[in-house]
Amino acid sequence: MTDRPAAPSHDRGSTSSAAFARYVEPEIAVLYRVASTLVRQPADAQDLVQDTLVRAYRAIDRFDGTHPRAWLLTILRNTHRNRMRTRLPRLLTVAEHQDSDVLDRGGDPRSAEDVVVDAQFEAVVVDALAALPTMHRVVVQLVDVDGLSYAEAADALGIPRGTVMSRLHRARARIRTRLVAAGLVPHRSLS
Amino acid sequence: MSLMSLTEMVRCLRTSRALQRYLDGEADDLTAARVAAHLEECRRCGLQAQTYRAIKQALRGSGSGNVDELALHRLRAFSGSLTASGGNSDDDPR
């Protein structure tokens, strides 16, 4: 939050490092999750986060300490965009329909029937997610899988918050439709 | 058509519009209270909310096993090397 002033430019090394440790390092796991959503290949996600960290370090003196996650997600998004510009355009669309998620649930106290129904439910949801148009799938992943807020997802993607909301709404409605078709949730006419 | 009154219909539509924000914890207090009250009294909307909650839960569960701790460890080490070297990491991209 804003309880601490911006890192001053004098005594740069130690001050920058302290600001970096305070604002950036706690967000590395979030950055990696979001990067994994954006690029899907683990090695690319790591490279993207590394680039982001370097850029964040260089800019930390100018950061005012307000909303570090939003600031970092903006850097991540710009870094991602720059990286994509230097690559083959087709790379962005490769493997969009690959579903690398593995359902790996440990033992739990539910009945066997509940476990099967839950597994079916989850399988349909995961399939439906993979079948969504990329722009919708990415928003769902950022909010529901990675746990970002609407504002954070908007920062990560460089789109308005309202667009995040509308994409999310449509995407979840499509997932629900798949569940209805699979007979896993009741069909209801309204909305 | 059912015997659903116009008022009930409006409440359902209003709830439907705010439901995603409510479930994501993004609705303001007043809207959240209004939606919560309606979900208590309307079975139709209550079921819908239940479905979306289950979808969110399934999505969250599908991603929970995918955290690559080794990758995170590498990134934290990289971050540490950045601060130690004053931003001049060997892996410094572009």
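Chain identifiers are assigned alphabetically (A, B, ...) following the order of the sequence lines, protein sequences preceding nucleic acid strands; residue numbering begins at 1 within each chain.
Looking at A:Ala173, both its backbone and its side chain come within 4.5 Å of chain B, counting heavy atoms on both sides. The contact between A:Phe20 and chain B is made entirely by side chain atoms (from C-beta outward), counting heavy-atom distances below 4.5 Å. With a threshold of 4.5 angstrom between heavy atoms, A:Val140 approaches chain B through side-chain atoms but not through N, CA, C or O. With a threshold of 4.5 angstrom between heavy atoms, A:Leu53 approaches chain B through its backbone and through its side chain. Using a 4.5 Å cut-off between heavy atoms, A:Leu31 makes no contact with chain B at all.
In this structure a side-chain-to-backbone donor-acceptor pair under 3.5 Å is missing from B:Ser16 to B:Cys12.
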### Query
Between B:Lys56 and B:Asp24, is a salt bridge (Lys or Arg N to Asp or Glu O under 4.0 Å) present by the stated rule, with each step listed?
CA-CA 9 Å; B:Lys56 282 178 67 65; B:Asp24 290 330; 2.6 Å; yes
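Considering only heavy-atom pairs separated by less than 4.5 Å from chain A, the leading option among B:Glu26, B:Arg76, B:Arg17 is B:Glu26.
Between A:Asp127 and A:Arg178 no salt bridge is recorded (no basic side-chain N to carboxylate O distance below 4.0 Å).
With sequence neighbours excluded, no residue forms a side chain to side chain contact (heavy atoms under 4.5 Å, CB included) with B:Ala33.
Between the CZ atom in B:Arg53 and the CG atom in B:Leu19 there is a gap of 8.0 Å [rounded to 0.5 Å].
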